[in-house]
There are 2 protein chains.
Amino acid sequence: MEFSVKKFRERAKEMGLKVTPQRIAVYREIVSRKDHPSAEELYETLKGKIEGISLTTVYRTLSSLEKAGFVKRVPTLKDKVRYDARLEPHGHFICKKCGKIVDIEVTLPVSSELLRDVGEIKECSLVCYGICKECRNEKA
Amino acid sequence: MEFSVKKFRERAKEMGLKVTPQRIAVYREIVSRKDHPSAEELYETLKGKIEGISLTTVYRTLSSLEKAGFVKRVPTLKDKVRYDARLEPHGHFICKKCGKIVDIEVTLPVSSELLRDVGEIKECSLVCYGICKECRNEKA
DNA sequence: GTGGGTGCAAAGACTTTGCAAGACG
DNA sequence: CGTCTTGCAAAGTCTTTGCACCCAC
């Protein structure tokens, strides 16, 4: 995915979000990674590169980015909260052994009247669990 | 869903799981409820009815039931871990406002060769987020 | 300049674990 | 009877919050 500071500034302005080096760094990192990092993982990556970044700021930044619609949470069975910068509906495969989460390209069976019965659907995603190729090979 | 102590005893025996009043009570409760209770919620319900039940036991029981294949975790955006006694693949709708989780009957677009690329799929579920009817009416 | 953002430390929510006592098979 | 389970309390993990200082606008 592409990251542009200019676009980030524009969208942030629309949402009334101040642009700080920390916010740019966190968002840029999520966008550029294909995995779906948690706050802790983002902090570990950024603490060397960015002068002023704390774990607290990462948590607060993620919360702001989520409220402003820049990122979404990824459904998991638990552990920590993970974030995704891809906003279009898509699926995730979660390895039960190593915890890795990779995207799956599927068209979701949503928007039937069945769903309308339930309430107003804002987002949908398919979640699959199993053992990834790497972990399966390891076992053998 | 139906609950039978006899069947529970049989399956538990197969899995090498001892049958205790606490385990019967926790499993019976999950099976009989249509929501997808967390450990805390189960404990709150059971502590009045069952003599010897602690929150710790509920946690440990859920872990045992999960390992033995009696229940599954429900994918969520976070909060606490929730459990489901329905084992067949199905979808969930999660209300972002009140946190309620209800089942959705859908056929999932799984088992394409697309998924096989990723690894071995054990389970799949569709997760939808939004605002449930009750919460939407409340707002109005 | 001023309101929002940041860092640190402390608190909070949820879950797991150690150990002694008790129950299932 | 031996082994697995329970309960209590304590520890552990992930996340949020209070407060003083600082920066983007």
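The chains referred to below are lettered A, B, ... by the order of the sequence lines, with proteins before strands, and numbering in each begins at 1. From a predicted model like this one, the values you see are computed outputs, not experimental measurements.
B/Cys95-B/Cys132 SG separation is not under 2.5 Å; the pair is not scored as a disulfide.
Checking D/dC25, D/dT16, D/dC14 against the side-chain heavy atoms of A/Thr56 singles out D/dT16 as nearest. Side-chain proximity of A/Arg23 to D/dG7, D/dT16, C/dG5: nearest is C/dG5. For B/Thr20, the listed nucleotide lying nearest its side chain is D/dT5; candidates were D/dC25, D/dT5, C/dT15. Of all nucleotides listed (D/dC14, D/dT6, C/dT15), D/dT6 comes nearest to the side chain of B/Gln22.
Here the side chains of B/Tyr27 and B/Arg11 are in contact, with some heavy-atom distance below 4.5 Å.
Look at OH on A/Tyr43: it is 7 Å from P on C/dC8, rounded to the nearest Å. Atom CD1 of B/Ile53 is separated from atom C1' of C/dG22 by 15 Å (rounded to the nearest Å). Rounding to whole angstrom units, CG of residue B/Leu77 and P of C/dA13 are separated by 20 Å. In this structure, OH of B/Tyr83 is placed 7 Å from P of C/dT15, rounded to the nearest angstrom. With rounding to whole Å, B/Glu51 atom CD is found 15 Å from C/dG22 atom P. Atom CZ in A/Phe8 sits about 13 Å away from atom P in D/dA24, given to the nearest Å. If you take CZ of A/Arg73 and C1' of D/dT15, they are 10 Å apart, rounded to a whole angstrom. Nucleotide D/dT6 holds its P atom 11 Å from the CG atom of B/Leu62, rounded to whole Å.
The phosphate of D/dT16 (OP1 or OP2) has no side-chain N or O of A/Tyr59 nearer than 4.0 angstrom. Between B/Ser63 and C/dT16, a side-chain N or O to OP1/OP2 separation shorter than 4.0 Å is absent. The phosphate of D/dG7 has OP1 or OP2 within less than 4.0 Å of a side-chain N or O from B/Ser54.
Salt bridge A/Asp84/A/Arg86: absent, no basic N to carboxylate O contact under 4.0 Å.
In this structure, A/Phe8 has its ring center closer than 6.0 angstrom to the ring center of A/Phe70.
To the nearest 0.5 Å, atom CD1 of residue B/Ile24 and atom CD of residue B/Glu29 are 14.0 Å apart. Between the OG atom in B/Ser64 and the CG atom in B/Leu62 there is a gap of 8.5 Å [rounded to 0.5 Å].
Across all strands, B/Lys18 comes closer than 4.0 Å to base atoms (heavy-atom distances). A/Glu40 comes within 4.0 angstrom of nothing in the nucleic acid, heavy atoms only.
Projected onto DNA chain C by closest heavy-atom contact, B/Leu17 and B/Lys80 fall at different nucleotides, the more 5' of which corresponds to B/Lys80. Comparing A/Leu55 and B/Lys13, the nucleotide of DNA chain C nearest to each residue sits closer to the 5' end for A/Leu55. Of the two residues contacting DNA chain D, namely B/Gly16 and A/Val19, the nearest-nucleotide position lying further toward the 5' end is that of B/Gly16.
For D/dG7, the base has a donor-acceptor partner in the side chain of B/Arg60 [N/O atoms by modelled type, under 3.5 angstrom].
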